[in-house]
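Throughout, a chain's letter reflects where its sequence line sits, starting with A, and its residues are numbered from 1.
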Protein chains: 2
Amino acid sequence: MLENALDARARTLLRTLIESYIQDGQPVGSRTLARTSGLNVSPATIRNVMADLEELGLVHSPHTSAGRIPTAAGYRLFVDALLEIRAPNREQIDAIEARFNPGATTQDLLDTAGSVLSSVTRLAGMVRLPRNRQVALTQIEFLRLGDRRVLAILVIDGKEVQNRVLELERDYAPAELQNMANYLNAHLAGQSLHMVRGQLLAEMRSVRRDLDAMMLAAIDLGERAVGEDDPDDVLVAGETQLLEYDELADIHRLRQLLEAFHEKREILSILDQCIRADRIQIFIGRESGLEWFEHCSVVTSPYSVDGEIVGVLGVIGPTRMSYDRVIPIVDITARLLGAALNSRNEPPKTR
Amino acid sequence: MLENALDARARTLLRTLIESYIQDGQPVGSRTLARTSGLNVSPATIRNVMADLEELGLVHSPHTSAGRIPTAAGYRLFVDALLEIRAPNREQIDAIEARFNPGATTQDLLDTAGSVLSSVTRLAGMVRLPRNRQVALTQIEFLRLGDRRVLAILVIDGKEVQNRVLELERDYAPAELQNMANYLNAHLAGQSLHMVRGQLLAEMRSVRRDLDAMMLAAIDLGERAVGEDDPDDVLVAGETQLLEYDELADIHRLRQLLEAFHEKREILSILDQCIRADRIQIFIGRESGLEWFEHCSVVTSPYSVDGEIVGVLGVIGPTRMSYDRVIPIVDITARLLGAALNSRNEPPKTR
DNA sequence: GTCAGCGCTTTTTGTTATCGAGTGCCAATT
DNA sequence: AATTGGCACTCGATAACAAAAAGCGCTGAC
């Protein structure tokens, strides 16, 4: 491993170098490093160490006689092994927690998470919308729109409503639809969507012969209403914060970045890479696989409801961000969002 | 009037000056003006005219010995009296028309309009969402969510669905709700939303005594479902186009601008000023009343369905935009959007 | 292994000179 | 009275140059 090639002194130096660079964005020379590192060594010695670090590809000079700046690999080592995460202070947590209004809708909570992330970190915040599997189905209704077109209305958590238009093989009379809804409501109400789905599938297999045609159709309809997952989406907040960082000042890159936030496709692909991890995850520079991410880093954390991971949130900003500040914020935002979503789910359960 | 103080020559010069400045963004000197204006006069003469124009506040020099650039007042005069609008060429119209898919939903058509505006003009496009008054109510249903909370489902144009959660004074049983829905559907289906509203109000007044309590409640519910207008909103497209213009390069102004697009509030206030006008409207610089609009202009046009104005669309860009190109594009986009929305409305009518 | 010192490289900053575009004014011309 | 050519002047942009600053690599001494 890389980090084994480094003695304690070299690590300290790399750490202070990166911290210094993060703070004021300028190449760090041996002199300043000698002063700020706390080590009692001369600049010359530091220069030697620097040469080693450069050889290892952890730092590099923008030109012959400038200080050193960290490379992507340097940052990587930094966040993996060198970073001392600042313990999130109590009042900050409280301040964030206060912004999650317990009575709010899911959508509101997600919005809040996005705006917390972007405003507290001063970076762009992202929230991957949760898959709708954990929420409880309160009620389902069908409404005939026209020939072969039926509107399915799912009421979820007694609060939120989702519509799905279904295109069907044959026409159904309103009374038929009403019956189907009654059947489904009687059997499925109060369960979580993914349980509903599982149950529908099981039922369809096991009792296929015993159910009359209406019930089959009802299950089919219900299955299709629940089945089509919501279009995958992601919420982005505070992208204009990124304008403030001059390392991203290149107009064209900047535009590409902002457009990526609009498109959302690439953001989504990044976040989806993170949903598998169960802890904070960090992408530095092009680690995410996108070339135009050159000078950007991403810090994400999954958030979970009731023990199961339902989404990811995070921030995106210049590689040169205060990881020690950002990481705990992303972490607690994820926890608090999870908790807020969770507490919203409790009441229906205890019914 | 200002324009009366100008003879034909001065006008020609102002026009060519502005055209030239719009084209390459640099102060225009007397020499170039002498060459390009077509007038057979010497630079010295032009300098005299320029001095006059400067006195009138139509142009000004950024510094002692630069050419002149138009002031906001200059642009104003230009668009009001001097501008020769380029006749929109046929194939361009066709190209735009082709992008409006006749079968699309309202939302899709609005999106299309936004993206047409921004991509064709290379500016940021805005579309004020139409008030929902012109669309026909196909069906209305009520769903009991819980104590005193009822979900009203409006099906519109046989295609689109809107939900509104109503908080009520008393509880209603499902059967009651069903009855009310039946009553409303029988009386109101097929009418446009604003007619429905009017009819409900009238009915409430005229026959208050004759209706039993259920009907009253039904009308009340219906009124409330229809009454609460959709949250006013505006659609913004292609705001990143604005990054390309270096007169807007000031990071802070730029950020303010982009944030305004997010907030939407101020954009909305601008567009709402335009909904009263029945033709193309142009705001130059701070004419819109917002200081940070210094270097921006807005070109808007209302669009109408079935003769009635239902919304406004337009673009926003640097003051130095090609008005002669932009104006006709905004114009025809408004017409085509209106036409597309209109044709979508025809079928239900002929039912 | 550490470090002071020296020479070298490169960026940054400041100064100055020069060029060119363009103005304003005036006197001459039409 | 309007137009024009001429001229001096202003100001920004560009280049050229010098000096300063920052920092490195290297070497030889401890």
Exercise. OP1 or OP2 of dC3(C) less than 4.0 angstrom from a side-chain nitrogen or oxygen of T45(A), does that happen here?
Worked result: yes
For this session: With DNA chain D as reference, determine whether S42(B) or T64(A) sits nearer its 5' end, using the nearest nucleotide of each.
Result: S42(B)
For this session: Figure out the CD1/P separation between I46(B) and dC25(C), and round it to whole Å.
Result: 18 Å
For this session: Side chain of S65(A) only, please: which of dA21(C), dT9(C), dA4(C) is the nearest?
Result: dT9(C)
Exercise. For E239(B) and H262(B), does a side-chain donor sit closer than 3.5 Å to a side-chain acceptor?
Worked result: no
Exercise. In whole angstrom, what separates N40(A)'s CG from dG1(C)'s P?
Worked result: 19 Å
Exercise. Do the side chains of M126(B) and L313(B) get nearer than 4.5 Å, heavy atoms only?
Worked result: no
Exercise. How close or far is atom C1' of dA27(C) from atom CG of N48(B), stated in whole angstroms?
Worked result: 13 Å
Exercise. With side chains defined as the heavy atoms from C-beta onward, is the minimum distance between R128(A) and L268(A) less than 4.5 Å?
Worked result: yes
Problem set entry | Check: I327(A) and L83(A) side chains under 4.5 Å, non-hydrogen atoms | yes
Exercise. Could you state the CD-C1' distance from Q26(A) to dT11(C), rounded to the nearest angstrom?
Worked result: 12 Å
Seminar exercise, completed: Under a 4.0 Å heavy-atom criterion, DNA chain D is touched by chain A from dA22(D) to dG25(D)
For this session: Please state how far atom CD1 in I69(B) lies from atom C1' in dA21(C), giving the value in whole angstrom units.
Result: 16 Å
Exercise. Between atom CE in M50(A) and atom C1' in dT2(C), what is the gap in whole Å?
Worked result: 16 Å
For this session: Specify the residue among P62(B) and P43(B) whose closest nucleotide of DNA chain D lies further upstream toward the 5′ end.
Result: P43(B)
Exercise. Between the side chain of T240(B) and the main-chain N/O of E259(A), is any donor-acceptor distance below 3.5 Å?
Worked result: no
Exercise. Taking the nucleotide of DNA chain C with the closest heavy atom to each, which residue, R68(B) or A44(A), is nearer the 5' end?
Worked result: A44(A)
Problem set entry | Nucleotide nearest R47(B) (side chain, heavy atoms from C-beta), chosen from dC3(C), dG24(C), dT10(C) | dG24(C)
Problem set entry | Ring geometry between Y323(A) and F78(A) (parallel below 30°, tilted from 30 to 60°, perpendicular above 60°) | perpendicular
Exercise. Counting N and O atoms only, with roles assigned by atom type, does the side chain of Q241(A) sit under 3.5 Å from a partner on the main chain of S118(A), one being a donor and the other an acceptor?
Worked result: yes
